[in-house]
Number of protein chains: 2
Amino acid sequence: MIKQYGCPVELAVDVIGGRWRVVILARLKEGAHRYGELRRLTPGISEKMLTQRLRELEADGLVTRKDHETVPPHVEYSLTEEGRSLAPVLQALYDWGVERAARTGARVGSGA
Amino acid sequence: MIKQYGCPVELAVDVIGGRWRVVILARLKEGAHRYGELRRLTPGISEKMLTQRLRELEADGLVTRKDHETVPPHVEYSLTEEGRSLAPVLQALYDWGVERAARTGARVGSGA
DNA sequence: CTGTATCCTTCAAGATACTG
DNA sequence: CAGTATCTTGAAGGATACAG
């Protein structure tokens, strides 16, 4: 089914919305990461969610999956050109999140 | 319950995430709007959702509600200073949405 | 015009266990 | 290491009717 959006913001939210997508994208913005690294870097996410989101992001053309075909397995995820085009959005979200945390006193991990 | 975030992006998504919040905020970014205007400007939203989201945004300090106390009722919603601080985020989402739509051929209303 | 109230469905997400 | 499979739950959202 082809979806009809009321405005561009709605489209953007549809692609990067949800609990985990932008968090994963924010991690990959720093550089390529292995599956296990992403899992460690994303506290609270389950393996199921991580795999599911990665598959969706792949399908949306924002992330690429590189399987090194080794034993034991070694798989790396990184942003595509399209994924990197999200940089301004991720940066804006990050900056606002920092300010908001300062104003509200919310607890936020280092992000490192 | 105090929530612990893994990174600032997660916090930002928690506040503006969901199907409708940013769409409503994007509308109010243009200026104050009445309840009925917002409903018309946000195709697909139900009255329940609109009211619910507005109440949440109010509680989060992003939106203010001005009741003119008239009969028939006249209520206006607008962004608070905190809400306006989201402008860069909304702009980034909008811009990316426009680009994405061009690349994927998605259908997007004027947004006007 | 600006909402509330109620009911119902769907879907994201969590928990847990298992596999190549 | 990098996943898949299954089950369950909780919240988000939709439909509809009603109210000040």
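By convention in this document, chain letters (A, B, ...) are assigned in the order of the sequence lines, proteins followed by strands, and residues within each chain are numbered from 1. All values below come from the heavy atoms of this structure, side chains included, with hydrogens, waters and symmetry mates left out.
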**Q** Counting side-chain heavy atoms from CB outward, which of C/dT2, C/dA13, D/dG13 is closest to A/Trp20?
**A**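 Nearest nucleotide to the side chain: C/dA13.
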**Q** Relative to the 5' end of DNA chain C, which residue comes earlier, A/Arg53 or B/His74, by the nucleotide with the nearest heavy atom?
**A**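 Its nearest nucleotide being more 5', the pick is B/His74.
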**Q** Using a 4.0 Å heavy-atom cut-off across all strands, classify B/Ser46 as base, sugar-phosphate, or nothing.
**A**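 If one applies the 4.0 Å heavy-atom cut-off, B/Ser46 turns out to touch nothing in the nucleic acid.
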**Q** Given D/dG3, C/dC1, C/dG3, identify the nucleotide with an atom nearest to the side chain of B/Val75.
**A**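 Among D/dG3, C/dC1, C/dG3, the one nearest the side chain of B/Val75 is C/dG3.
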**Q** Classify the nucleic acid contact of A/Arg39 as base, sugar-phosphate or nothing, counting any heavy atom under 4.0 Å across all strands shown.
**A**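 Here A/Arg39 touches no strand at all.
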**Q** Any side-chain heavy atom of B/Arg53 sitting closer than 4.5 Å to one from B/Arg19?
**A**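 No, too far: nothing below the 4.5 Å cut-off.
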**Q** Are the side chains of A/Arg65 and A/Arg55 in contact, using a 4.5 Å heavy-atom criterion?
**A**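 The answer is yes, as the side chains (C-beta and beyond) meet within the 4.5 Å cut-off.
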**Q** If we ignore hydrogens and angles and just use 3.5 Å, is the side chain of A/Gln91 paired with the main-chain N or O of A/Ala87 as donor and acceptor?
**A**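 Pair absent, no side-chain N/O of A/Gln91 close to backbone of A/Ala87.
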**Q** In Å, rounded to the nearest 0.5 Å, how long is the span from CG of B/Leu50 to CD1 of B/Ile45?
**A**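 With rounding to 0.5 Å, CG (B/Leu50) is 4.5 Å from CD1 (B/Ile45).
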**Q** Given atom CG of A/Leu38 and atom P of D/dC1, what is their separation to the nearest angstrom?
**A**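 Taking CG of A/Leu38 and P of D/dC1, I get 13 Å after rounding.
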**Q** Return the value, rounded to whole Å, for the distance between atom CE of A/Met49 and atom C1' of C/dA15.
**A**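 About 11 Å, once rounded to whole Å.
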**Q** Going by atom types alone, do B/Thr64 and B/Ser78 pair a side-chain donor with an acceptor below 3.5 Å?
**A**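 Yes, side-chain donor-acceptor contact under 3.5 Å.
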**Q** Without decimals, in angstroms, what is the distance between B/Gln52 CD and C/dG3 C1'?
**A**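 So the two atoms are 13 Å apart, to the nearest Å.
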**Q** Decide yes or no on side chain to side chain contact (heavy atoms under 4.5 Å, CB included) for A/Ile24 and A/Tyr77, but give the supporting numbers first.
**A** CA-CA 10 Å; A/Ile24 295 171; A/Tyr77 293 91; over 6 Å; no
**Q** Please compare A/Gly44 and B/Glu76 by the position of their nearest nucleotide in DNA chain C and report the one closer to 5'.
**A**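 Its nearest nucleotide lies further toward 5', so the answer is B/Glu76.
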**Q** What is the distance, to the nearest angstrom, from the CD atom on B/Glu47 to the C1' atom on C/dT6?
**A**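 Taking CD of B/Glu47 and C1' of C/dT6, I get 14 Å after rounding.
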**Q** Nearest whole angstrom, please: distance from the C1' of C/dC1 to the NZ of B/Lys66.
**A**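 Rounding to the nearest Å, NZ of B/Lys66 and C1' of C/dC1 are 17 Å apart.
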**Q** Which residue, A/Lys48 or A/Arg65, contacts DNA chain D at a nucleotide closer to its 5' end, judged by nearest heavy atom?
**A**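 Upstream on the strand: A/Arg65.
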**Q** Thinking salt bridges, do B/Glu37 and B/Arg27 make one under a 4.0 Å N-O criterion?
**A**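 So B/Glu37 does not pair with B/Arg27 through a salt bridge.
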**Q** So what does B/Arg21 hit on the nucleic acid, given a heavy-atom distance under 4.0 Å: a base, only sugar-phosphate, or nothing?
**A**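 No contact.
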**Q** So, does A/Tyr77 get its side chain near the phosphate of D/dC1, meaning an N or O under 4.0 Å from OP1 or OP2?
**A**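 False: A/Tyr77 side-chain N/O out of range (4.0 Å or more) of D/dC1 OP1/OP2.
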**Q** Within less than 4.0 Å of OP1 or OP2 of D/dG3, is there a side-chain N or O belonging to A/Arg55?
**A**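 Yes, because at least one side-chain N or O of A/Arg55 sits under 4.0 Å from OP1 or OP2 of D/dG3.
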**Q** Report the distance from atom CG of A/Leu50 to atom C1' of C/dA13, rounded to the nearest whole Å.
**A**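 In whole Å, C/dA13 C1' and A/Leu50 CG are 13 Å from each other.
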**Q** Take the C1' atoms of the five end pairs on each side of the helix from C/dC1-D/dG20 to C/dG20-D/dC1, get both axes, and report the angle to 10 degrees.
**A**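 Its terminal axes enclose an angle near 50°.
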**Q** Assess the side chains of B/Ser85 and A/Trp96: does a donor N or O sit below 3.5 Å from an acceptor N or O?
**A**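 Yes.
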**Q** Go through C/dG3, D/dT4, D/dA2 for me and flag the one nearest to the A/Pro73 side chain.
**A**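 So the side chain of A/Pro73 is nearest to D/dA2.
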**Q** Expressed in angstrom and rounded to an integer, what is the separation of A/His33 atom NE2 from D/dC1 atom C1'?
**A**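 In whole Å, D/dC1 C1' lies 17 Å from A/His33 NE2.
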**Q** Which listed nucleotide (C/dA13, D/dG3, C/dG3) is nearest to the side chain of A/Arg19?
**A**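 Comparing C/dA13, D/dG3, C/dG3 against the side chain of A/Arg19, the answer is C/dA13.
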**Q** Would you mind reading off the distance between B/Glu37 atom CD and C/dG3 atom C1', rounded to a whole angstrom?
**A**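 The distance from CD of B/Glu37 to C1' of C/dG3 comes to 16 Å, rounded to the nearest Å.
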